[in-house]
Number of protein chains: 2
Amino acid sequence: METAGMKRKEREFLARRREILSAAERVFAAKGFFPTTMSEIAREAEFGTGTLYKYFKSKEDLYFSLIDEKVEEINRLVKAELDKKNSPLERIKNVLRLQFEFIEQNRDFFRIYISERSRFEWTVKDDLGKGIHEKMVSYIEALSLVMKQGIGEGELEALDPVDLAHALVGMVNSFVFEWLISPRPYPLVSKTDTVLKIFLRGAERMERRR
Amino acid sequence: METAGMKRKEREFLARRREILSAAERVFAAKGFFPTTMSEIAREAEFGTGTLYKYFKSKEDLYFSLIDEKVEEINRLVKAELDKKNSPLERIKNVLRLQFEFIEQNRDFFRIYISERSRFEWTVKDDLGKGIHEKMVSYIEALSLVMKQGIGEGELEALDPVDLAHALVGMVNSFVFEWLISPRPYPLVSKTDTVLKIFLRGAERMERRR
DNA sequence: TCATTTTATGAACGATAATTCATTTTCTAA
DNA sequence: TTAGAAAATGAATTATCGTTCATAAAATGA
C-alpha cells in the first residue's frame with residue numbers, strides 16, 4: 001500500500017462523502033429532518049441504503065455534518081470580513097452583502113438552516129445539535145463586538161450592542177425567509193441596501209424628528 | 001334529552017378538549033412535533049390514549065388546532081388595534097406592545113409557533129398547515145397597509161411598505177427568539193422601546209448623518 | 001488470470017408510535 | 001335500582017423506518 005494509492009483512495013472516499021451530503025441537502029431541504037428517510041437519500045445519491053452507514057454513523061450524524069460544514073464555511077468568511085481594518089460601519093455593510101451572496105448561492109442549505117435555527121428539540125440533549133447552536137451564538141458575539149466598536153468610534157448610537165446585533169440579524173432572517181418562500185425568484189442581494197438603510201437610518205421620516 | 005342537559009354535555013366536552021390542548025401545548029413546546037407521542041400527551045392530560053381520538057382526528061389535527069386557535073386569538077387582537085383611528089405610528093407602537101404582552105403570557109405556545117413559522121414541510125402539501133401560513137401572510141399584509149398609511153401621512157420614509165413590515169417583524173422575531181432561549185427570565189415587554197427606537201430612528205449616530 | 005482484500009448492497013431485524021376497537025366504566029333517566 | 005346509552009380505555013394492530021449484516025461485487029496486485 002504505497003502513499004500515492006492511499007491518497008487517491010482518500011480523495012475518492014471524500015468525493016463520495018460529498019456526493020451523499022449534496023443529495024441529502026436536496027432531500028432535507030424539501031422535506032425536513034424527520035420525514036426524510038435514509039432510503040430516499042440513498043436513492044437520490046445513487047447508493048445502496050447500507051452504504052450511507054460507511055460514511056456516516058447515523059441519520060443525525062449525516063444531518064449535522066451537513067449543517068456543521070456549511071456553517072463553518074460561512075462563519076470563516078464572516079469572521080474574516082469582521083476582522084478587517086475597515087471602519088465598523090464598512091465591515092457591517094460588507095458582511096451583509098457577503099451573507100446575502102452566500103445565501104443566494106446555497107438556497108437549499110438555508111431552507112434547512114432557517115428551520116434548524118428555531119428547533120428547540122436538540123438544543124438541550126444532543127451534542128451534535130449543541131455544537132451548531134454554539135456557532136450561532138458565537139456569530140452574534142462577533143457581530144456585537146463590531147457594534148460595540150461602532151459605538152466607541154461614534155458611528156453608532158449608544159444602544160446595547162447585543163440588541164443591535166439581534167435587530168440586524170432579525171431583519172436579515174426575515175428577508176431571507178421571505179426570499180426562500182417566494183415563488184417568484186429575485187436576487188436576494190438586491191435587498192442589501194434596504195436592510196442597511198432601515199437598520200442605520202430608521203423608518204421614521206427625517207423631517208418629523210426632533 | 002332536554003336542552004339544559006345537552007348544553008352541559010357540550011360545555012364539558014369543550015372543557016376536556018381545552019384540557020387536552022393545554023397539555024399538548026406543554027409537551028409540543030418541550031419536544032417539538034415529531035418526537036412528541038400521543039401517549040405522552042394523553043399521560044400529561046390524564047386521559048387514555050384512545051380518548052384523544054374522540055376529540056381530534058389525528059396527531060396533526062391536534063397540533064394544528066392548537067396553533068390555529070391561538071393564532072386566531074392574537075390575530076383578532078392585532079387587527080382590532082390596527083383598525084383603530086390613531087395615527088399609523090401610534091398603532092404600530094400599540095401593536096408592538098400588545099404583541100410582546102401576548103407572547104409573554106403564552107411562552108409555551110410561542111416555542112411551538114416560532115418553530116412552525118420556518119417549517120417548510122407542510123406549507124405545500126397539508127391543508128391544515130396551509131391555513132396557518134395564510135394567517136401569517138394576512139398578518140404581514142395588515143401591517144404593510146398601516147406602513148403604507150404611515151408613508152401617506154408623512155410619518156414614515158417612502159420605502160416599500162412590505163419591506164418595512166418584514167423588517168419590523170424580523171426584529172420582533174429575533175427578540176422573541178432570544179427571550180425564549182434565555183435561561184435568565186426577563187420581561188419581554190422591556191424590549192418594546194428598543195425595537196421601536198431602532199426601527200424608527202435607526203442605529204447610526206445622528207450627528208454623522210447628512 | 002486469480003486469490004485476497006476492500007467496499008457496496010438491500011433484505012431482514014427490531015423498535016417505535018399512530019391509530020383502532022373490543023371491552024370496561026360511567027352516566028342517564030325511568 | 002337498573003337497563004341501556006355514551007364515553008373512556010389501553011392492549012393489539014399495523015405501518016414505518018433506522019440500522020445491521022451476510023452476501024455479492026469490485027478493486028488490487030502478484
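Predicted model, so just to flag it, every value in this text is computed and none were measured.
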Near DNA chain D, counting only heavy atoms under 4.0 Å, which residues of residues 42-57 of chain B show up? Phe47(B), Gly48(B), Thr49(B), Gly50(B), Thr51(B), Lys54(B), Tyr55(B)
Rounded distance (Å) that lies between atom C1' of dA18(C) and atom CG of Asp61(B): 14 Å
Could you check which nucleotide pairs with dT5(C) in any of the strands shown, counting Watson-Crick or G-U wobble with both distances under 3.5 Å? dA26(D)
Sole candidate of Glu44(A), Glu40(A), Glu25(A) that passes salt bridge (Lys or Arg N to Asp or Glu O under 4.0 Å) when paired with Lys31(A): Glu40(A)
Separation of Ile41(B) atom CD1 from dT19(C) atom P, in whole Å? 11 Å
Name the closest nucleotide to the Arg16(B) side chain, picking from dG18(D), dA8(D), dT19(C). dA8(D)
Phe34(A) CZ to dA15(C) P: how many Å, rounded? 20 Å
Which pairs, with at least one residue in residues 169-189 of chain A and sequence neighbours excluded, count as a side-chain hydrogen bond (donor to acceptor under 3.5 Å, both in side chains)? Glu178(A)-His166(B)
Nearest-Å distance for atom pair CE/P, residues Met38(A) and dT19(D): 6 Å
Check whether NZ of the Lys or CZ of the Arg Lys70(B) lies under 6.0 Å from the centre of the six-membered ring of Phe109(B) and within 45 degrees of that ring's axis. yes
Could you state the CD-C1' distance from Glu60(B) to dT19(C), rounded to the nearest angstrom? 13 Å
Whole angstrom value for the distance that separates P of dA17(C) from CG of Leu62(B): 16 Å
What's Ser39(A) touching, base or sugar-phosphate or nothing? Going by heavy atoms closer than 4.0 Å. nothing
For Tyr55(B) together with Phe13(B), are the ring centres under 6.0 Å from each other? yes
Phe177(A) six-ring face occupied by Arg117(B) cation (under 6.0 Å, within 45°): yes
Which of these nucleotides, dT7(C), dG18(D), dA17(C), is closest to any side-chain atom of Lys9(A)? dT7(C)
Can you tell me how far P of dC17(D) sits from CZ of Phe33(A), to the nearest Å? 13 Å
Are any of the side-chain nitrogens in Glu134(B) or Lys130(B) under 4.0 Å away from the carboxylate oxygens of its partner? no
What's the separation between atom CZ in Arg26(A) and atom OG1 in Thr36(A), rounded to the nearest 0.5 Å? 12.5 Å
In whole angstroms, the gap separating P of dT16(C) from NZ of Lys59(B) amounts to 15 Å
